[in-house]
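In what follows, a structure is listed as structure tokens, so that the remarks can point back to it.
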Protein chains: 2
Amino acid sequence: MSDLAAALDIVGARWALLIVERLLDGPQRYGDLQRDLGVPTNMLATRLRELEAAGVLLRLPLRHNTRAYALTDRGLALREAIVVLGNWGKNDA
Amino acid sequence: MSDLAAALDIVGARWALLIVERLLDGPQRYGDLQRDLGVPTNMLATRLRELEAAGVLLRLPLRHNTRAYALTDRGLALREAIVVLGNWGKNDA
DNA sequence: CGACCATGCTTGCAAAATGCAAGTAGCCAC
DNA sequence: GTGGCTACTTGCATTTTGCAAGCATGGTCG
């Protein structure tokens with residue numbers, strides 16, 4: 001499996017990169033991600049589980065029954081890829 | 001829709017980025033892509049149609065009934081994104 | 001205490017995407 | 001005109017995604 005295929009295995013699923021992009025701004029709660037991204041709740045739960053298992057993010061318990069999702073170093077390392085891909089998407093030519 | 005979402009709309013589908021990566025080495029024929037990537041033939045046909053429609057690649061007629069698929073400038077502009085994402089996938093930390 | 005409410009999910013089921021296998025179509029060599 | 005090579009298409013099973021509704025936990029307020 002090529003390096004690219006390995007990467008896509010982790011962040012290639014639908015919504016995965018968008019979730020990570022949102023977390024680049026700092027830790028977010030479940031409801032925030034859901035509302036900001038418009039991702040279906042079952043998909044969000046599934047992706048967060050997968051991304052946590054892959055070491056891209058982790059759960060931070062907050063007070064009450066709330067928690068925040070924050071990127072690990074491995075997750076933060078996706079910033080450049082997200083920026084570059086975003087720039088590509090912005091260009092029309 | 002964010003820039004990243006726009007990019008994923010084009011190259012976010014399964015196999016799409018892997019096809020583009022393969023074409024970075026130069027034009028390839030249908031059968032080559034199929035064998036090298038192990039992508040199902042109906043998916044390959046679908047993706048090539050979508051990527052052509054998106055202006056990422058184009059068909060070059062060769063002799064007989066063969067053709068080659070080659071990246072456009074827009075497609076070549078994905079090189080950096082693919083390299084960066086590949087590097088991320090390579091790292092274990 | 002107990003009815004309410006917010007948050008973070010899980011569950012059931014329909015729709016869409018993906019994958020596998022087999023078949024079709026055009027072209028050339030013989 | 002038969003056979004082989006290439007590039008697909010087609011039918012159908014499996015998997016993924018999406019929508020809507022429900023459940024669990026903990027706090028709040030009377």
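Reminder, nothing fancy here: chain letters follow the sequence lines and each chain counts from 1.
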Rounded to the Å, how far apart are [X] [atom1] and [N] [atom2]?
X     : N      : atom1 : atom2 : result
B:L48 : D:dT6  : CG    : P     : 17 Å
A:Q34 : D:dT17 : CD    : P     : 17 Å
A:I19 : D:dT17 : CD1   : C1'   : 13 Å
A:L62 : D:dG26 : CG    : P     : 15 Å
B:N42 : D:dA13 : CG    : P     : 15 Å
B:M43 : D:dG11 : CE    : C1'   : 14 Å
A:H64 : D:dC29 : NE2   : C1'   : 14 Å
B:R49 : D:dA7  : CZ    : C1'   : 12 Å

Can B:L24 be reached from B:L51 by stepping across I, L, V, M, F, W or Y side chains whose heavy atoms are under 4.5 Å apart?
->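 Yes, B:L51 connects to B:L24 through the hydrophobic network.
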Below the 4.0 Å mark, does [N] have OP1 or OP2 next to a side-chain nitrogen or oxygen of [X]?
X     : N      : value
A:R14 : D:dG18 : yes
A:W15 : D:dT16 : no
A:R67 : D:dT25 : no
A:R47 : D:dT17 : yes

Which part of the nucleic acid, if any, lies within reach of [X] when heavy atoms closer than 4.0 Å are counted: base, sugar-phosphate only, or nothing?
X     : result
B:R59 : sugar-phosphate
A:R35 : nothing
B:T66 : sugar-phosphate

Could you tell me from which nucleotide to which nucleotide of DNA chain C, 5' to 3', there is an atom under 4.0 Å from chain B heavy atoms?
->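 First and last nucleotides in contact are C:dT18 to C:dC28.
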Of the nucleotides D:dG27, D:dT9, D:dC19, which one has an atom closest to the side chain of A:P40?
->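 Per side-chain heavy atoms of A:P40, the pick is D:dC19.
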Return the minimal non-hydrogen interatomic distance between A:L37 and A:W15, and the atom names on each side.
->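 Result for this residue pair: O-CZ3, 3.5 Å.
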Shortest non-hydrogen contact from A:I10 to A:A54?
->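 Of all heavy-atom pairs spanning A:I10 and A:A54, the closest is CG2-CB, 3.6 Å.
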Pairwise side-chain contact, B:I19 with B:Y69, heavy-atom cut-off 4.5 Å (strictly under) =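 Contact flag for B:I19/B:Y69 side chains = no.
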Judged by atom type as modelled, is there a donor-acceptor pair below 3.5 Å linking the side chain of A:R74 to the main-chain atoms of B:N91?
->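 Indeed, once roles are kept as given, a pair shorter than 3.5 Å links the two residues.
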Flag, side chain of B:Q28 to backbone of B:G26, donor-acceptor distance under 3.5 Å =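 It does hold such a pair.
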Could A:R49 and A:E52 be called an ion pair, given the rule that one side-chain N must be under 4.0 Å from one carboxylate O?
->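 No.
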base_contact_polar (D:dG27 base, A:N65 side chain, donor-acceptor, <3.5 Å) =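 Such a pair does not exist between side chain and base.
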